[in-house]
Amino acid sequence: MDTVLQGTPILVLKEGTERDRGKSASASNIAAARAIADVVRTTLGPRGMDKMLVDSMGDITITNDGVTILKEVDVEHPAAKMLVEVAKTQDQQCGDGTTTAVVIAGELLKRAEALLEQNIHPTIITRGYQIAVEEATRLLASEIGTTVKPEDEAILLDCATTAMGSKGVFGSRDLLAKIAVKAVLKIVEKRGDRTIADVDQIKVEKRHGGTIADTELIDGIVVDKERGHPRMPRTVKGAKIALLNSSLEVKKTEIESKINIKNPAQIQSFLDEEDRNYRRMVESVKASGANVVICQKGIDDVVLHYLAKEGIFAVKQVKESDLQKLARATGAKIVTGVKDLTAADLGKAELVEEKKVGDDDMTFITGAVNPRSVSILIRGGTEHVTQEVERSLQDALKVVSSVIEDGVVCPGGGATEIDLAVKLRKWAPSVGGREQLAVEAFAQALEVVPWALTENGGFDAINTLIELRGAHDGANANRNTGVNMATGKAADMWKMHVVEPSRVKRQALSSAVEVANMVLRIDDIIASKKSSPSPPGGGPGGHDH
Ligand code: ADP
Ligand code: MG
């Protein structure tokens, strides 16, 4: 740690604290982080294997998604946890490239170990890695990336297909890729001179039953709720929609209140009063002109009955996030008190309709005034299938959105990593000193991507790597050369439609370096033993960090 270099800190350790320092600390960290990288390495690429995860309750998840695997695996070691964090960051920022980031981080640590054995100080290694990733970022932007426009739909499709290439949805990925591209293109907007495609606007619902091929894009919002009363109309054309975020119920007091009833007429007047309240609610809805009510909270059965009598379609207990999406889609204002509802608060859609999907009914709001409202309804035989489809689709949606926002793509299949490795090796001597060794180690580490892709395909990785290096160097170099996963031989990735957003590559490299360097900088692990529950009256202070 830096502080150690500047002077010897005095550490006061609690009884029972374990301490591990210097080389042994760093060796144990590196080993733990590499173990995690090895777990996900065999899932990399279109031929990667799936993992079956079983949690303590016996529930299983079958996935090929790096971040899902790491989220579910219960890791104890702090350095391993850091690697899991990298996967999560990568997932949030890009939606793709999580396995790549983790595998590269593991490889950077492996190469660092070799340098540490040659007595090269961790500070030199981390500095070398930092210099290398900066140069790699520059190369990605200036020499490797290709500029594309949102109109280049074919390229967007290639990116979506590539992103889903390794997931368990192989047979349906063309359909899913088309849906992803169409969905994202619907929500693109200009803000100043920036193009934004915020995929959170796309509503994704899933329902098992049917097959993946039944997955569809819906021009509007799907709400996973049925109408509140069988007498309500099933379809409403020219819908005028009220969005309410409070219940249509008469508040029952928390404590049973006692009503002193002296004669039967009083019971009647009490009930009448309640009924009048319900009728008033329905009157307010009717007066506003609404023919559809979408409510975040409950609606009393009596109110549902009266609404049905008026021919008003109503759904209750709708998620808040759905209400917000509906507000944006239909132009409605979310109203709290139904008394205050006016015509100006209502949103518009051509059609509100209840339809059977699988075993249950859902509500479809289509033809909304805002054209940027779209849902994807995922179908699949079982829950495991719909879940994996959702994960793949989310990757594809984010990938398409990054390409639209940044407008830069690069070849996949290991082509980009090999090209960077070749270029960085040539550039390394200009760095000089011992950092040069770290830059070379970084270049070497990048080759783990084509290596693992090939190996996972069941091919001989050494031969392929030699072929790839040759193809990226010399007069006839083609920087798009990557691994053909059908043959294990070198091929032009651009021609094979294996294309990825540059953002995914850039972020994967920088997260990998960030975590590798963090692990390398640690030379002291101080771990307090798990504290036993503090004795009664022990007060706070039982834990420290
Ligand atoms: P990550 O979690 O890093 O996205 P994946 O398992 O999705 O990991 O694998 C991504 C890698 O697979 C990328 O390097 C990508 O270029 C490569 N890839 C995807 N499809 C193909 C393909 N058809 N041919 C070759 N490489 C591919
Ligand atoms: Mg991927």
Side-chain angles (χ1 to χ4, degrees), residues 40 43-51 53 61-72 84 86-104 155-185 187 197-206 212 215 217 374-378 380 384-406 409-413 416 449 453 456 485 497-508 511:
V40 292
T43 70
L44 185 76
R47 302 281 289 272
M49 302 297 280
D50 291 348
K51 303 275 173 203
L53 310 165
T61 306
I62 298 168
T63 186
N64 183 296
D65 192 43
V67 73
T68 309
I69 296 168
L70 294 177
K71 268 187 200 158
E72 299 278 332
V84 175
V86 171
K88 287 188 191 158
T89 314
Q90 177 76 21
D91 191 47
Q92 277 159 10
Q93 308 234 328
C94 303
D96 195 22
T98 51
T99 316
T100 306
V102 171
V103 168
I104 292 178
I155 291 174
L156 298 180
L157 263 177
D158 287 348
C159 290
T161 325
T162 304
M164 290 192 291
S166 63
K167 305 291 184 266
V169 294
F170 203 83
S172 322
R173 71 182 177 149
D174 287 343
L175 169 80
L176 296 175
K178 271 190 201 129
I179 290 179
V181 170
K182 270 199 195 153
V184 178
L185 284 174
I187 53 135
D198 174 14
V199 295
D200 288 341
Q201 288 187 39
I202 300 170
K203 176 128 204 296
V204 179
E205 272 296 343
K206 50 187 189 297
I212 301 183
T215 300
L217 181 73
V374 47
S375 306
I376 297 173
L377 180 55
I378 295 174
H384 293 138
V385 173
T386 53
Q387 279 168 359
E388 185 73 347
V389 170
E390 182 174 21
R391 283 190 287 268
S392 311
L393 249 177
Q394 294 290 7
D395 281 11
L397 291 173
K398 282 226 182 121
V399 160
V400 174
S401 121
S402 349
V403 176
I404 292 176
E405 289 184 353
D406 302 352
V409 296
C410 55
T416 296
V449 173
L453 286 174
N456 291 345
M485 292 306 297
H497 307 283
V498 180
V499 191
E500 295 183 87
S502 294
R503 189 195 289 186
V504 171
K505 296 288 173 212
R506 189 181 66 225
Q507 180 67 36
S511 334

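Just the heavy atoms: all of them, side chains too, but no hydrogens, waters or symmetry mates, feed the values below.
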**Complete:** Hits for side-chain hydrogen bond (donor to acceptor under 3.5 Å, both in side chains) against Asn456, two or more places apart or cross-chain, chain-then-number order -> none
**Request:** Apply side-chain contact (heavy atoms from CB on, under 4.5 Å) to the pair Val403 and Val499, showing each step before the final yes or no.
**Result:** CA-CA 10 Å; Val403 176; Val499 191; over 6 Å; no
**Prompt:** Which is it for Ile376 and Leu397 under the side-chain contact (heavy atoms from CB on, under 4.5 Å) test, yes or no, and what are the steps along the way?
**Reply:** CA-CA 11 Å; Ile376 297 173; Leu397 291 173; 4.2 Å; yes
**Request:** List the atom of Gln90, the atom of Ala101, and the distance in Å for their closest heavy-atom pair.
**Result:** OE1-CB, 4.2 Å
**Asked** Do Ser392 side-chain atoms and Glu388 backbone N/O form a donor-acceptor pair below 3.5 Å?
**Response** yes
**Asked** Distance-only, no hydrogens or angles: does the Arg47 side chain make a donor-acceptor pair with backbone N or O of Met485 under 3.5 Å?
**Response** yes
**Item:** Residue pair Val409, Cys159: steps toward the side-chain contact (heavy atoms from CB on, under 4.5 Å) verdict
**Value:** CA-CA 8 Å; Val409 296; Cys159 290; 3.9 Å; yes
**Prompt:** Under the 3.5 angstrom rule, does the side chain of Ser401 hit a backbone N or O of Ala197 as a donor-acceptor pair?
**Reply:** yes
**Reported CG-to-CD1 distance for the pair Asp174 and Ile179, which is rounded to 0.5 angstrom** = 11.5 Å
**Taking every non-hydrogen atom, the tightest pair across Ala163 and Ala396** = CB-CA, 4.3 Å
**Asked** Do side-chain atoms of Arg173 reach the backbone of Met164 as a donor and acceptor pair under 3.5 angstrom?
**Response** no
**Prompt:** For Ala508, does its backbone N or O pair with a side-chain atom of Thr100 as donor and acceptor, under 3.5 Å?
**Reply:** no
**Request:** Please examine the side chains of Gln93 and Lys398, heavy atoms only from C-beta on, and report whether any two atoms are closer than 4.5 Å.
**Result:** no
**Complete:** Across all chains, not counting sequence neighbours, the side-chain hydrogen bond (donor to acceptor under 3.5 Å, both in side chains) partners of Lys206 are Glu390
**Request:** Work out which heavy atom in Val374 is nearest to a heavy atom in Leu217; give both atom names and the distance.
**Result:** CG2-CD1, 3.3 Å
**Request:** Locate the shortest heavy-atom distance separating Val40 from Val102; write the atom from each residue and the value.
**Result:** CG2-CG1, 3.7 Å
**Message:** With heavy-atom distances below 4.5 Å as the criterion, would you say the side chains of Val449 and Val103 are in contact?
**Reply:** no
**Item:** Non-neighbouring partners of Asp158 that pass side-chain hydrogen bond (donor to acceptor under 3.5 Å, both in side chains), sequence neighbours left out
**Value:** His497
